[in-house]
Trainee: 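Attaching a single structure in structure tokens format; questions to follow.
So you know, we letter chains A, B, ... as the sequences are listed, proteins then strands, and number each from 1.
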There are 2 protein chains.
Amino acid sequence: MAAISKVDLEKAATILKLLGDKTRLTMIKILDSHDCCVCEFVAMFNASQPAISQHIRKLKDSGLVGETRRGQWIIYSLNKESEYYPFVCSLLEHLPNQDFKLQQLEKQGLRISCD
Amino acid sequence: MAAISKVDLEKAATILKLLGDKTRLTMIKILDSHDCCVCEFVAMFNASQPAISQHIRKLKDSGLVGETRRGQWIIYSLNKESEYYPFVCSLLEHLPNQDFKLQQLEKQGLRISCD
DNA sequence: TTAGTATATAATAATTTGCTTATATACTTC
DNA sequence: GAAGTATATAAGCAAATTATTATATACTAA
């Protein structure tokens, strides 16, 4: 039986606040299974590019999300090495799968990242 | 193997936002093992009574917390019947036990509820 | 019934958040 | 190197959040 990772209460509150936004929570849920770039999120959420960039920045600042440049695109991924990943994971387990959003993108020919 | 309860993404974000506050998160962690009244929280957090009441109201409005009057006091407890309790529980598991806060209260003779 | 304790609520002020608009940077392709 | 695409960032603003102050309600005890 693996021990449950403990998270400092103050840090936990910070993470929950970060994820207490529908857009960011959905992003993290999607990133848990697929890497994505900004323009994919923009298409998925019907949001402006700066709005998405700003959400991503918060996720990056927390260390939950990492980035890699691939040519023109910057591919974002969940940082599974984060000390808080197990905590986040146990939230994500309760959320419904969001793969349909990526499938919609594919249908529209807007899927970029390949993972 | 019990299935993991699924929570609508929008509702999940609302709950995470609610718990994304150090005071409310600590309250919920404490209420998971002990009932408490407002004046106990006031003493524990060194916060004003209206500030605590307003935090509690939000928790009540979400359905996560219930109340019972006991004479002069209103005793708050975690609503384990809430549809979102399993979700909240899997967060709380990652938080360090806060019993020391109640023990401090007892030492100061400020513990009210008996559970 | 009056005083005291516990709690809620309303009004307001301070802070934070998340968006928009405008612009800058980085890469690709011609 | 010029044009196009992807992304970041800064400034400004509106909405949401949280605390404070002041007051009201509910119960207890004298």
Trainee: By a strict heavy-atom criterion of less than 4.0 Å, which residues belonging to residues 10-18 of chain A are in contact with DNA chain C?
Mentor: Lys17(A)
Trainee: For Lys58(B), what residues pass the side chain to side chain contact (heavy atoms under 4.5 Å, CB included) criterion, not counting sequence neighbours?
Mentor: Leu18(B), Arg24(B)
Trainee: Tell me the interatomic distance from Glu67(B), atom CD, to dT9(C), atom P, rounded to whole angstroms.
Mentor: 9 Å
Trainee: In whole Å, I'd like the distance from the CZ atom of Phe41(B) to the C1' atom of dA6(C).
Mentor: 15 Å
Trainee: Want to settle it: does Cys39(A) or Arg24(B) sit nearer the 5' end of DNA chain D, counting the closest nucleotide to each?
Mentor: Cys39(A)
Trainee: Would you say Ser62(A)'s side chain and Leu59(A)'s backbone share a donor-acceptor pair under 3.5 angstrom?
Mentor: yes
Trainee: Not counting sequence neighbours, which residues clear side-chain hydrogen bond (donor to acceptor under 3.5 Å, both in side chains) with Lys17(A)? List them please.
Mentor: none
Trainee: According to side-chain hydrogen bond (donor to acceptor under 3.5 Å, both in side chains), who are the partners of Ser90(A), at least two apart in sequence or on a separate chain?
Mentor: His94(B)
Trainee: Would you kindly give the CG-to-C1' distance between Asp21(B) and dT17(C), to the nearest whole Å?
Mentor: 14 Å
Trainee: Tell me whether the OP1 or OP2 atom of dG18(C) has a side-chain N or O from Lys58(A) closer than 4.0 Å.
Mentor: yes
Trainee: Can you tell me how far P of dC19(C) sits from NZ of Lys22(A), to the nearest Å?
Mentor: 13 Å
Trainee: Out of curiosity, does Ile75(B) fall in the hydrophobic cluster containing Leu102(B) (side-chain heavy atoms, cut-off under 4.5 Å, transitive links)?
Mentor: no
Trainee: Figure out the CD/C1' separation between Glu40(A) and dA6(D), and round it to whole Å.
Mentor: 12 Å
Trainee: Would you tabulate the side-chain donor-acceptor contacts of residues 45-54 of chain B under 3.5 Å, counting partners in other chains and residues two or more places apart, or write 'none'?
Mentor:
residue	atom	partner	partner atom	Å
Ser48(B)	OG	Ala51(B)	N	3.2
Gln49(B)	NE2	Ser53(B)	OG	3.1

Trainee: With each end axis built from five pairs of C1' atoms, what bend angle do you get for the helix from dT1(C)-dA30(D) to dC30(C)-dG1(D)? Round to 10°.
Mentor: 20°
Trainee: Under the rule for salt bridge (Lys or Arg N to Asp or Glu O under 4.0 Å), what residues qualify as partners of Glu67(A), not counting sequence neighbours?
Mentor: Lys60(A)
Trainee: Once each nucleotide of nucleotides 25-30 of chain C is scored for protein heavy atoms under 4.0 Å, what B/S/- sequence comes out, 5' to 3'?
Mentor: -SSS--
Trainee: Specify the closest pair of heavy atoms between Leu16(B) and Phe87(B), including all atoms of both residues, with the distance to one decimal.
Mentor: CD2-CZ, 3.8 Å
Trainee: Which residue pairs pass the ring-ring contact (aromatic ring centres under 6.0 Å, His included) test with at least one member in residues 52-82 of chain A, sequence neighbours excluded?
Mentor: none
Trainee: In whole Å, I'd like the distance from the CG atom of Leu19(B) to the P atom of dT17(D).
Mentor: 14 Å
Trainee: Treating Ile, Leu, Val, Met, Phe, Trp and Tyr as nodes and any side-chain heavy-atom pair under 4.5 angstrom as an edge, say whether Ile112(B) and Leu31(B) lie in one connected cluster.
Mentor: no
Trainee: Contacts to DNA chain D from residues 48-57 of chain A, heavy-atom cutoff under 4.0 Å, which residues?
Mentor: Gln49(A), Pro50(A), Ser53(A), Gln54(A), Arg57(A)
Trainee: Lys22(A): which residues meet the salt bridge (Lys or Arg N to Asp or Glu O under 4.0 Å) condition with it, sequence neighbours left out?
Mentor: Glu10(B)
Trainee: Linking I/L/V/M/F/W/Y whenever their side-chain heavy atoms sit closer than 4.5 Å, directly or via other members, would Leu110(B) and Val42(B) fall into one cluster?
Mentor: yes
Trainee: Does anything in residues 76-105 of chain B form a salt bridge (Lys or Arg N to Asp or Glu O under 4.0 Å)? List the pairs, not counting sequence neighbours.
Mentor: Asp32(B)-Lys80(B)
